[in-house]
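I have placed the structure first, in the form of structure tokens, so that the comments after it can refer back to it.
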Amino acid sequence: MSYYVTTTIPYVNARPHLGFALELVQADVLARHRRARGGAVRFLSGTDENSLKNVLAAEAEGVAVQDLVDRNAAAFAALATPLALSFDDFIRTSRDPRHREGVAQLWQRCAEAGDFYRKAYTGLYCVGCEAFYGEAELVDGRCPDHGTEPQTVSEENWFFRLSRYQDRLRELVTSGELRIEPVSRRNEVLALIDSGLRDFSVSRSRARARGWGIPVPGDEDQVVYVWWDALGNYVTSLGLGDDAPTEDFARWWAGDGERVHLVGKGVLRFHAVYWPAMLLSAGLPLPTRVLVHDYLTVSGRKISKSSGDVVDPAALVARYGTDAVRWWLLREVPRVGDADFTEERLVARADADLADGFGNLVHRVVTMVHRYRDGVVPQPTVETTATAELRAVCARASGRVDAALDAFDYRAAAAAVWTLVEEANRCIDRTRPWELAKSERGGARSAALDAALAALVAACRALGEELSPFLPAAADRVVRRCTPVNGVLPESTPLFAKLGG
RNA sequence: GGCGGCGUAGCUCAGCUGGUCAGAGCGGGGAUCUCAUAAGUCCCAGGUCGGAGGUUCGAGUCCUCCCGCCGCCA
């Protein structure tokens, strides 16, 4: 069964920060995990470039909009290397012809369904959010998210008949055909639907958009609402805009596979209400799951422009390495609730788990194989209680990882991998290979030592396998240490340096 | 204002449909092995599970109210 997983596409008016890195890494783990289990996977990310925010940011810097967008989009795409992201595709909404064509087609389909109409209206618009606010939602007359005063907008735009899809959306969410997780978020969506869905504006005047964005088909004076445009990326990237249905679209969106969106809590309504409604209107299949993550704070504070280098994922990776950063994001961020990031915690986690955990285990096992068996992994001829229990834990680990990831619980999934380290260390303590080795000095080869070393190497290999979706580079290192070259394991040296000293 | 939810050991948190649910990790205290990056393993937390009532043979686990947080919507 196919598995299509996407991240949201961030605005590119600023450089990427750690909060978005969380979403990227989470999506990457799902993609890698499915691939490792033999599934057909497509992993999409991209950048949302048609926002008025970009125009304003470019003006502030005194550069051309396209230049600013190109530069920042490059910074997002470039995260693939430091964060080890296995993108299969990366879409840019201002540059990709397929996106413009796809948005036009999506628009046409909804138009043919009779879901657009023109209406004059007045509202308070926050450019930072690219959304309208009601008076009551403002705090002291300002946007609760951005702290800026929204502008009063009064114009005639195209509206989308969202109200028409209220009942069907409710049914889809209730039945689980469209799964939203965690359940608290699903309940929020249901509450939102039940409160009554109102049609919303899906275009703006070309003037207000400063001429930036995708023109409304058949109405050159209007530009497609940036959220409408952005949401479309999940299907335009698959070639929706092509004249004939593309193979990619059929394979990843139109089939019976999974279509998974990772989103931050702030954009839930767009993904769980607007987007499915748009697809219903267009007569296209819906996503199957929307996975909602919360936000990160840094040293107790909301991430903001003044947070600086601490929240630059690339800078963190330069300082601590890909594995340490990924591991913190996966091992310490709870399934529900905001998580607080500090460099101290990242370092503590990396030292305890990577250096003292994964690294130390593999190093000590390989060293023993060298010291007691000249680097040759022995064939077990007996099974002891200790080795049997270790094998049992190894056998269970993959199932536990699967279950945790299916529940969108990275912490539990990482903990499941960790059980291999714990049990392997325990096995060493129980079998005491050094004593078995001493007993061989009389001449007889110890079958118990063969069994212990064989089971331990097997556990390390299992560790490398299970770890690979989370920390691909580290896992690769683990696997190589456990793979004989010309019948002999490579000489062992420490795998991970301590970060904290 | 309306509707979720949360408040469990110093810290971060697990605890599904009520009866080994009073837990894990970290920190802290103690012991111990030596293959290993002074890494590993083992033991130690008597915390009234926010407060007060109630339902029940029995409630962190259900109900009511109160206090304190937070989310969504208006």
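Residue numbers start from 1 in every chain, and the chains themselves are labelled A, B, ... in the order their sequence lines are given, proteins ahead of strands. Values below: every heavy atom of this structure, side chains too, minus hydrogens, waters and symmetry copies.
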Which value, in whole Å, describes the distance between the C1' atoms of nucleotides B:U8 and B:C21? 11 Å
Nearest whole angstrom, please: distance from the P of B:C13 to the CZ of A:Arg349. 13 Å
In whole Å, what separates the C1' atom of B:G47 from that of B:A31? 25 Å
Taking the P atom of each, how far is B:G10 from B:U48, in whole Å? 9 Å
Which pairs, with at least one residue in residues 412-454 of chain A and sequence neighbours excluded, count as a ring-ring contact (aromatic ring centres under 6.0 Å, His included)? A:Phe358-A:Trp418
A:Tyr372: ring pair (Phe, Tyr, Trp, His ring centres under 6.0 Å) partners, not counting sequence neighbours: none
Whole angstroms only, please: what is the NE2-C1' distance between A:His271 and B:C72? 18 Å
Under 4.0 Å between any heavy atoms, over every strand shown, what does A:Tyr372 touch: base, sugar-phosphate, or nothing? Just pick one. sugar-phosphate
Ranking B:C73, B:U34, B:U37 by distance to the side chain of A:Arg269, first place goes to B:C73
Output yes when A:Lys53 and A:Asp48 qualify as a salt bridge under the 4.0 Å nitrogen-oxygen rule, no when they do not. no
B:A14 OP1/OP2 closer than 4.0 Å to side-chain N/O of A:Arg411: no
Near-strand residues of residues 481-488 of chain A, defined as heavy-atom separation under 4.0 angstrom from RNA chain B: none
Only Watson-Crick and G-U wobble pairs, only distances under 3.5 Å, only runs of 3 or more: what stems does that leave for RNA chain B? B:1-3 with B:71-73, B:5-7 with B:67-69, B:10-13 with B:23-26, B:28-32 with B:40-44, B:50-54 with B:62-66
Considering only side-chain heavy atoms of A:Thr367, which listed nucleotide, B:C35, B:C13, B:C72, is closest? B:C35
Check the pair A:Leu280, A:Leu172 against side chain to side chain contact (heavy atoms under 4.5 Å, CB included), reporting the backbone distance first and the verdict last. CA-CA 11 Å; A:Leu280 286 173; A:Leu172 288 162; 4.0 Å; yes
Can you tell me which residue pairs pass the ring-ring contact (aromatic ring centres under 6.0 Å, His included) test with a partner in residues 377-408 of chain A, sequence neighbours excluded? A:Phe408-A:Tyr410
Which part of the nucleic acid, if any, lies within contact of A:Arg345, taking any heavy atom under 4.0 Å across all strands shown: a base, the sugar-phosphate backbone alone, or nothing? nothing
Spacing of the P atoms in B:U61 and B:G5 (rounded, Å): 14 Å
Report the residues that fulfil ring pair (Phe, Tyr, Trp, His ring centres under 6.0 Å) with A:Tyr295, sequence neighbours left out, ordered by chain and then residue number. none
Mind checking the C1' distance from B:C67 to B:C26? Whole angstroms is fine. 30 Å
Roughly how many Å apart are B:A39 and B:A45, using the P atom of each and rounding to a whole number? 25 Å
Protein proximity profile, nucleotides 39-44 of chain B - base contact B, sugar-phosphate-only contact S, no contact -, cut-off 4.0 Å on heavy atoms: SBSS--
By ring pair (Phe, Tyr, Trp, His ring centres under 6.0 Å), A:Tyr320 pairs with (sequence neighbours left out) none
Could you give the side-chain donor-acceptor pairs of residues 361-369 of chain A under 3.5 Å, partners two or more places apart or in another chain?
unit_1: A:His363; atom_1: ND1; unit_2: A:Ser492; atom_2: OG; d: 2.7
unit_1: A:Arg364; atom_1: NH1; unit_2: A:Asn425; atom_2: OD1; d: 2.6
unit_1: A:Thr367; atom_1: OG1; unit_2: A:His363; atom_2: O; d: 2.7

Looking only at side chains, do A:Tyr274 and A:Arg269 share a donor and an acceptor under 3.5 Å apart? yes
Any salt bridge linking A:Arg319 with A:Glu343? Criterion: basic side-chain nitrogen under 4.0 Å from a carboxylate oxygen. yes
Glycosidic class, syn or anti, of B:G51 using a 90° window around 0: anti
Decide salt bridge (Lys or Arg N to Asp or Glu O under 4.0 Å) for A:Glu389 and A:Arg430; before the verdict, give the C-alpha distance in whole Å, the side-chain angles of both, and the deciding distance to 0.1 Å. CA-CA 11 Å; A:Glu389 284 182 18; A:Arg430 293 169 69 185; 2.8 Å; yes
Check every strand shown and say whether A:Gly134 touches a base, only sugar-phosphate, or nothing at a heavy-atom separation below 4.0 Å. nothing
In this structure, how many angstroms lie between the C1' atom of B:C33 and the CG atom of A:Leu436, rounded? 13 Å
A:Leu162 CG to B:C73 P, straight-line distance once rounded to whole Å: 14 Å
Would you kindly compare A:Arg371 and A:Arg331 by the position of their nearest RNA chain B nucleotide and give the one closer to the 5′ end? A:Arg331
Select base, sugar-phosphate, or nothing to describe what A:Arg430 touches, counting heavy atoms under 4.0 Å on all strands. nothing
Glycosidic torsion of B:G60 (syn if within 90° of 0, anti otherwise) classifies it as syn
Quick one: which protein N/O atoms are closer than 3.5 Å to N/O atoms of nucleotides 3-8 of chain B? Pair and distance per line, please.
none

Derivation and outcome, salt bridge (Lys or Arg N to Asp or Glu O under 4.0 Å), residues A:Arg326 and A:Asp28: CA-CA 10 Å; A:Arg326 280 179 68 114; A:Asp28 184 67; 2.8 Å; yes
Integer angstrom distance from the P of B:A52 to that of B:U12: 23 Å
Taken to the nearest whole Å, NE2/A:His363 to P/B:U34 is 18 Å
Acceptor/donor pairs from residues 457-466 of chain A side chains to any protein atom, 3.5 angstrom cut, sequence neighbours excluded:
unit_1: A:Arg461; atom_1: NE; unit_2: A:Cys482; atom_2: O; d: 3.0
unit_1: A:Arg461; atom_1: NH2; unit_2: A:Cys482; atom_2: O; d: 2.9
unit_1: A:Glu466; atom_1: OE1; unit_2: A:Arg37; atom_2: NH2; d: 3.1

Quantified in whole Å, what is the P atom distance between nucleotide B:G15 and nucleotide B:A9? 15 Å
Rounded to whole Å, CZ of A:Arg186 lies from P of B:C72 at a distance of 18 Å
Side chain to side chain contact (heavy atoms under 4.5 Å, CB included) with A:Glu23: of A:Thr7, A:Leu291, A:Thr6, only one passes, and it is A:Thr7
Please list, chain by chain and in numerical order, all residues satisfying side-chain hydrogen bond (donor to acceptor under 3.5 Å, both in side chains) with A:Glu383, sequence neighbours excluded. A:Thr387, A:Arg391
In whole angstrom, give the distance that lies between atom CZ of A:Phe341 and atom P of B:C11. 22 Å
Would you kindly give the CH2-to-P distance between A:Trp418 and B:A14, to the nearest whole Å? 20 Å
Looking at A:Phe159 versus A:Tyr121, is the centre-to-centre ring distance below 6.0 Å? yes
